[in-house]
Amino acid sequence: MDKTHPTSRIATLGPSRDEASPLRYNPAMPADKVVTRFAPSPTGHLHIGGARTALFNWAYARRHGGTFILRIEDTDKARSTDASTRGILEDLRWLGILWDEGPAHDPAKDDVKANQIGPRGPYFQSQRDHLYKQYLTKLLDTGHAYPDGDAYRFKMPKTAVTVDDLVLGPVTIQPENLEDFIIFKGAAGGGGPTFHFANVVDDAEMQVTHVLRAQEHLMNTPKHVAMFDALGLPRPKYAHMPLIFNPDGSKMSKRDKAKTARKAAQDWLKQHQGSAASLHDHITRFTQAQGLLSLDLSLADLQSFLDKKTDANEIAVPLARALNVTLPEIDVHDFRQSGYLKDVLLNYVALLGWNPGKNLERFDLDFLRQEFDIERLGKSNSRFDRAKLLAFNAETLQKMPPDEYEARLHEHWQEFHPAELAKLADNFRGFAHAYQPRGRTLSEPIDLGRFVFLPDDSITFDPKAVDKNLQANNSAGLAVLRTLRDKLANLPTFDPAAIQKLLDDHAAASSLPMGQIAQPLRVALTGSTVSPAIHDTLAILGRDATLARIDRCLATICPNP
RNA sequence: GCCCCCUUCGUCUAGUGGCCUAGGACAUCGGAUUCUCAGUCCGAGAACAGGGGUUCGACUCCCCUAGGGGGUACCA
């Protein structure tokens with residue numbers, strides 16, 4: 001949480017609309033104070049690139065003791081939704097990027113627009129129509145705009161426009177490349193200001209001093225500064241940041257997830273000569289085999305997903321899971337769900353386009369709020385390297401005190417894996433301990449430790465593992481299992497230390513190397529040769545499951561001993 | 001097409017004319033440790049897009065070419 005901005009000072013409403021006097025707006029703030037803003041349009045979740053933009057604007061304001069505004073650009077009435085706004089607020093809050101002015105941090109359940117913080121509101125563009133109209137009149141009156149049909153167009157100057165970008169340096173566009181553009185939509189476009197116009201009016205009204213935004217806006221900037229000039233208002237300073245792409249160089253798009261899932265589905269259909277119905281069947285069976293997850297996916301939903309009629313996450317996720325493919329994380333919420341730590345995510349994403357110099361790479365929000373500067377922003381686009389993010393996340397997880405790791409894991413599972421949490425019950429602590437060095441995200445242990453969550457009679461034994469560890473050497477492995485089975489049944493306390501001692505003793509007594517004891521057990525308990533330390537593995541499963549699985553293994557592999 | 005921006009290892013980058021036989025991180029590949037996996041430790045390979053200038057001296061400055069990206073909507 002952002003300690004310098006206690007929630008106690010929120011919940012004051014801005015001045016009433018009538019008090020806001022355009023062109024002479026003068027909030028009770030020092031004019032030289034830094035004011036930045038993050039201005040998402042509420043048409044979906046917060047994209048990871050948007051998170052970086054928000055982060056840098058936040059950090060810049062903090063660094064200079066300024067104000068960070070969150071403004072919702074919902075001028076596109078058709079695509080904007082309150083649910084998106086709510087999601088963006090939640091994502092920002094989760095990240096710890098808290099705004100000084102904008103929608104209330106924790107808005108009313110039924111209306112996100114109801115409570116807003118700060119003197120320059122309202123902070124939803126849909127509530128600022130009166131302002132845009134006043135500015136339009138001004139522009140019309142001074143001859144800087146003219147009607148075009150039922151819309152209005154801004155008249156670009158006939159001279160070159162130079163933008164002094166803080167990152168890129170001066171960028172000059174010649175007048176022949178600057179066309180008059182629509183600032184106010186007519187009935188055909190739904191009426192109201194366009195992005196360019198609302199953006200400029202609001203930046204002016206809110207006295208924004210620094211605009212840090214993605215480089216895709218660079219060519220918009222001549223339009224924007226021309227409007228400031230025409231209005232006789234001071235231009236904010238602009239800093240255009242490089243873009244973030246997928247590892248293959250393609251644009252990081254929300255659709256990537258659906259695309260990946262759909263591709264996997266098509267591959268499956270081809271390979272199995274299947275139909276949507278059989279695929280749905282497969283998903284259902286898979287989900288039931290996991291024994292834990294409840295599936296809420298209708299055949300109709302699946303069909304429309306396959307027909308590209310929807311890209312819904314709720315369909316893509318179970319589909320991908322059943323087909324054993326990993327969906328690329330794109331939105332902040334995806335990363336959160338995948339079990340990335342917010343500090344790590346922010347740290348990594350800050351490194352894409354900014355760095356503190358020297359050989360320092362790992363830092364936190366506090367560091368950024370003290371050290372972030374525009375001078376160290378890069379100019380060239382970068383690719384999002386999930387492997388590096390994963391490595392950062394893994395390192396942070398592994399270095400955590402065990403108690404903290406356990407708490408974080410618990411918290412995450414409560415939200416995203418409640419069934420697994422319930423299944424583990426009292427053994428959760430041991431599980432956390434065993435998987436702290438192994439899981440690179442808070443969700444990865446679920447997959448790594450899949451065997452833990454399967455019903456005892458659903459373990460499938462890997463033939464090669466069975467061959468090598470149970471049947472080889474005249475079924476030496478099976479013999480080990482038989483002796484150990486009863487010893488384990490009679491062990492007074494079934495905890496890691498006691499189990500380890502029992503196995504050590506058995507190794508000594510039988511003069512078998514530990515590998516010839518641990519591996520047969522692994523195969524019996526997990527079906528494979530991979531798991532945490534063997535005593536931890538047994539303890540996590542608990543005595544009942546351990547014995548049940550050994551019995552089933554013995555019965556399955558060698559029905560008649 | 002036109003306009004604009006960018007260009008150091010596979011990836012993210014350090015480097016602002018001599019400190020560079022180019023540093024770090026992730027990834028990759030070896031080796032050590034261990035009951036498997038992971039982890040940990042040690043080590044290796046890996047880059048200044050190409051061509052012209054400027055300069056005593058260019059990764060660093062200028063130009064050209066090539067490549068990449070963005071923009072070119074009554075979307076934002």
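Below, chains carry the letters A, B, ... as their sequence lines are ordered, and counting in each starts from 1. On a predicted model such as this, the values are computed, not experimentally measured, just so you know.
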Electrostatic pair [X]-[Y], nearest N-O below 4.0 angstrom:
{"X": "Lys342(A)", "Y": "Asp364(A)", "answer": "no"}
{"X": "Asp202(A)", "Y": "Arg128(A)", "answer": "yes"}
{"X": "Asp331(A)", "Y": "Lys257(A)", "answer": "yes"}
{"X": "Asp150(A)", "Y": "Lys185(A)", "answer": "no"}

How is [X] classified with respect to the nucleic acid when contacts are heavy atoms under 4.0 Å: base, sugar-phosphate, or nothing?
{"X": "Phe392(A)", "answer": "sugar-phosphate"}
{"X": "Ser382(A)", "answer": "sugar-phosphate"}
{"X": "Pro222(A)", "answer": "nothing"}
{"X": "Ala533(A)", "answer": "base"}
{"X": "Gln398(A)", "answer": "sugar-phosphate"}

Regarding A25(B), can its base be found pairing with the side chain of Lys388(A) as donor and acceptor, where the two atoms are less than 3.5 Å apart?
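Between A25(B) and Lys388(A), which were checked side chain against base, a qualifying N/O pair under 3.5 Å is present.
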
Quick check, are the ring centers of His210(A) and Phe68(A) under 6.0 angstrom apart?
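Between Phe68(A) and His210(A), which both carry aromatic rings, the centre distance is not below 6.0 Å.
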
I need the CG-C1' distance between Leu503(A) and C35(B), as an integer number of Å.
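Atom CG in Leu503(A) sits about 10 Å away from atom C1' in C35(B).
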
Could you tell me the separation between the CZ atom of Phe451(A) and the C1' atom of C37(B), rounded to a whole number of Å?
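Whole-Å distance recorded here is 11 Å.
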
Using heavy atoms to find the nearest nucleotide of RNA chain B for Lys358(A) and Ser380(A) separately, return the residue whose nucleotide is more 5′.
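In this pair, the answer is Ser380(A).
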
Whole-angstrom distance between G68(B) and A49(B), as gauged at atom P
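Taking atom P in both G68(B) and A49(B), they lie 16 Å apart.
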
For U40(B) and G18(B), measure between their C1' atoms and round to the nearest Å.
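41 Å, rounded to whole Å.
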
Walk along nucleotides 60-76 of chain B from 5' to 3' and tag each nucleotide B, S or - by protein heavy-atom contact under 4.0 Å, base first, then sugar-phosphate.
---------SBS--BSB

Is the shortest side-chain heavy-atom distance between Phe384(A) and Asn246(A) below 4.5 Å?
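No, their side chains stay 4.5 Å or more apart.
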
The side chain of Gln519(A) is closest to which nucleotide in this list: C35(B), C26(B), C6(B)?
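Taking heavy atoms from C-beta onward, the closest nucleotide is C35(B).
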
Which nucleotide, G23(B), C26(B), C6(B), lies nearest any side-chain atom of Asn359(A)?
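Selected nucleotide: G23(B).
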
Would you tell me if any nitrogen or oxygen in the side chain of Asn355(A) comes within less than 4.0 Å of OP1 or OP2 on U13(B)?
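Checking Asn355(A) against U13(B): no side-chain N or O falls below 4.0 Å of OP1 or OP2.
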
Give a yes/no answer on whether the side chain of Arg376(A) brings an N or O atom under 4.0 Å of OP1 or OP2 in G15(B).
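Yes, Arg376(A) has a side-chain N/O under 4.0 Å of OP1/OP2 on G15(B).
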
Would the distance check show the side chain of Arg86(A) and the main-chain N or O of Thr81(A) forming a donor-acceptor pair, the cut-off being under 3.5 Å?
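No.
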
